[in-house]
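Have a look at the structure below, then the notes.
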2 protein chains.
Amino acid sequence: MTVSKTAEKSSEKPADTAKGRKDAAEAQPEALQLGELSEQLGYILKRAQLKVFENFLRCMASLQLTPAQFSVLLLVEKNPGRNQTEIASTLGILRPNFVAMLDNLESRDLCARIRSTNDRRSHILVLTDKGKAVLARAKKLVATKHEARLNDLLGQANREALIAMLSKVANEF
Amino acid sequence: MTVSKTAEKSSEKPADTAKGRKDAAEAQPEALQLGELSEQLGYILKRAQLKVFENFLRCMASLQLTPAQFSVLLLVEKNPGRNQTEIASTLGILRPNFVAMLDNLESRDLCARIRSTNDRRSHILVLTDKGKAVLARAKKLVATKHEARLNDLLGQANREALIAMLSKVANEF
DNA sequence: GATATTTGATATGGTCCATAACAATTATCA
DNA sequence: TGATAATTGTTATGGACCATATCAAATATC
């Protein structure tokens with residue numbers, strides 16, 4: 001389905017620099033027909049997902065949190081005392097790829113790895129005080145600037161219906 | 001929001017090999033609490049998108065078409081006589097990245113680049129006969145095996161509502 | 001006709017995802 | 001108990017996808 005993440009650079013200049021144009025009569029850029037593409041589930045899903053992630057990053061610019069990082073902080077907060085493998089696998093992150101991610105969060109003093117006394121192989125993950133504070137601010141930004149945008153766009157009822165249907169697709173498709 | 005594409009390997013073995021467990025009483029894997037994550041738009045969107053792409057690839061296994069390749073074939077069919085830049089930009093693909101993609105499709109004799117006589121810089125894209133035939137079969141597979149699955153899951157009305165809302169998000173978020 | 005722009009292409013780097021392999025630690029069980 | 005298997009975090013590595021700079025050929029602009 002394609003749809004890159006190039007984002008806002010839709011080059012809103014008149015685009016009058018098209019080619020096939022002799023008179024001043026036909027000056028349209030002759031937009032392409034999307035055709036059946038505009039009803040393809042995967043195509044629309046990916047476009048929507050890219051737009052949502054873009055907006056998320058803009059809303060979180062002041063905290064410098066990516067969607068993935070935000071999800072890690074949320075999950076660690078809700079599940080204290082879990083190790084890397086448990087957190088990573090719940091999020092669908094492979095353990096090897098989770099290492100660098102945690103290195104990042106830990107270097108920013110947002111979370112910490114603690115050697116478990118029960119099983120000295122594993123690292124228990126916890127949020128630092130700063131991590132808790134940042135997550136609290138992040139939640140507010142997400143709620144007021146990000147999720148609220150869905151209400152403005154779809155309305156409360158439709159927003160809930162959308163989330164419900166997407167969950168169903170994510171779980172049962 | 002994370003959610004890798006590791007797919008089906010959810011390791012459905014009893015997972016009884018957990019740690020904190022002395023008696024046979026408490027043998028649950030103690031699933032993590034998703035908490036607010038399960039209502040995060042981006043998280044669910046990405047999960048749903050990965051599932052849909054997975055299913056798309058399975059449905060198209062016999063034709064070896066990725067979602068991106070399918071979208072290119074669809075767009076070229078609906079817009080004959082367009083060049084690489086036009087097709088690529090409509091799909092949100094950057095021109096440099098579109099080259100290898102076309103090399104692939106052309107090597108499989110699904111589409112062809114034709115030097116334009118009007119503007120000898122550009123390559124007009126067309127589907128080959130084989131490309132048209134493959135696309136026709138692909139459409140049928142997508143309709144019967146892929147998109148039909150949404151109806152089975154949500155019902156016709158909800159399916160249309162979901163597509164409409166996702167389009168709105170993709171265009172106006 | 002000199003300069004700028006466009007098109008397809010190459011080279012390159014970044015990010016994310018996936019697999020193999022390893023040391024340290026723990027579990028299994030003969 | 002002790003040999004073997006499994007688990008945890010980690011490193012190394014490769015692939016797929018995305019983005020930028022740059023280039024030659026062709027065209028547009030002035």
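Treat the numbers as computed from the prediction; the structure is a model and nothing was measured. First the proteins, then the strands, lettered A, B, ... as listed; each starts at 1.
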Atom-to-atom span, [atom1] of [X] to [atom2] of [N] - whole angstrom:
X	N	atom1	atom2	answer
B/Asn104	D/dG15	CG	P	16 Å
A/Phe98	C/dT15	CZ	C1'	17 Å
A/Ile114	D/dT8	CD1	C1'	16 Å
B/Arg95	D/dT22	CZ	P	16 Å
A/Glu54	C/dT15	CD	C1'	16 Å
B/Leu94	D/dT22	CG	P	16 Å
B/Leu50	C/dC16	CG	P	14 Å
B/Asn97	C/dT12	CG	C1'	12 Å

**Item:** Neighbour count above 12 (heavy atom, 6.0 Å) for A/Glu39 CD
**Value:** no

Pick out the pairs of N or O atoms, protein on one side and nucleotides 21-25 of chain C on the other, that lie under 3.5 Å.
{"unit_1": "C/dT25", "atom_1": "OP1", "unit_2": "A/Arg120", "atom_2": "NH2", "d": "3.2"}
{"unit_1": "C/dT25", "atom_1": "O2", "unit_2": "A/Arg121", "atom_2": "NH1", "d": "3.3"}

**Asked** Got a sec, which residues hit side chain to side chain donor-acceptor pair (under 3.5 Å) with B/Asn151, two or more places apart in sequence or on another chain?
**Response** B/Gln156

**Residues that B/Arg149 engages under side chain to side chain donor-acceptor pair (under 3.5 Å), provided they are two or more places apart** = none

**Request:** Scan residues 134-145 of chain A for pairs that pass side chain to side chain donor-acceptor pair (under 3.5 Å), counting only residues two or more places apart or in two chains.
**Result:** A/Glu77-A/Lys139, A/Lys139-B/Glu36

**Asked** So, A/Arg95 and A/Gln84: side-chain donor and acceptor under 3.5 Å apart, yes or no?
**Response** no

Checking the side chain of [X] only, and the main-chain atoms of [Y] only, is there a donor and an acceptor separated by less than 3.5 Å?
X	Y	result
A/Asn55	A/Lys51	no
A/Asn171	A/Ser167	yes
A/Arg115	A/Arg120	yes

**Request:** Would you indicate, yes or no, if C/dG8 has its OP1 or OP2 atom less than 4.0 angstrom from a side-chain nitrogen or oxygen of B/Thr85?
**Result:** yes

**Asked** For the helix from C/dG1-D/dC30 to C/dA30-D/dT1, how many degrees between its two end axes (five pairs per end), to the nearest 10°?
**Response** 20°

**Item:** ring-ring contact (aromatic ring centres under 6.0 Å, His included) partners of residues 154-173 of chain B, not counting sequence neighbours, each pair once
**Value:** A/His146-B/Phe173

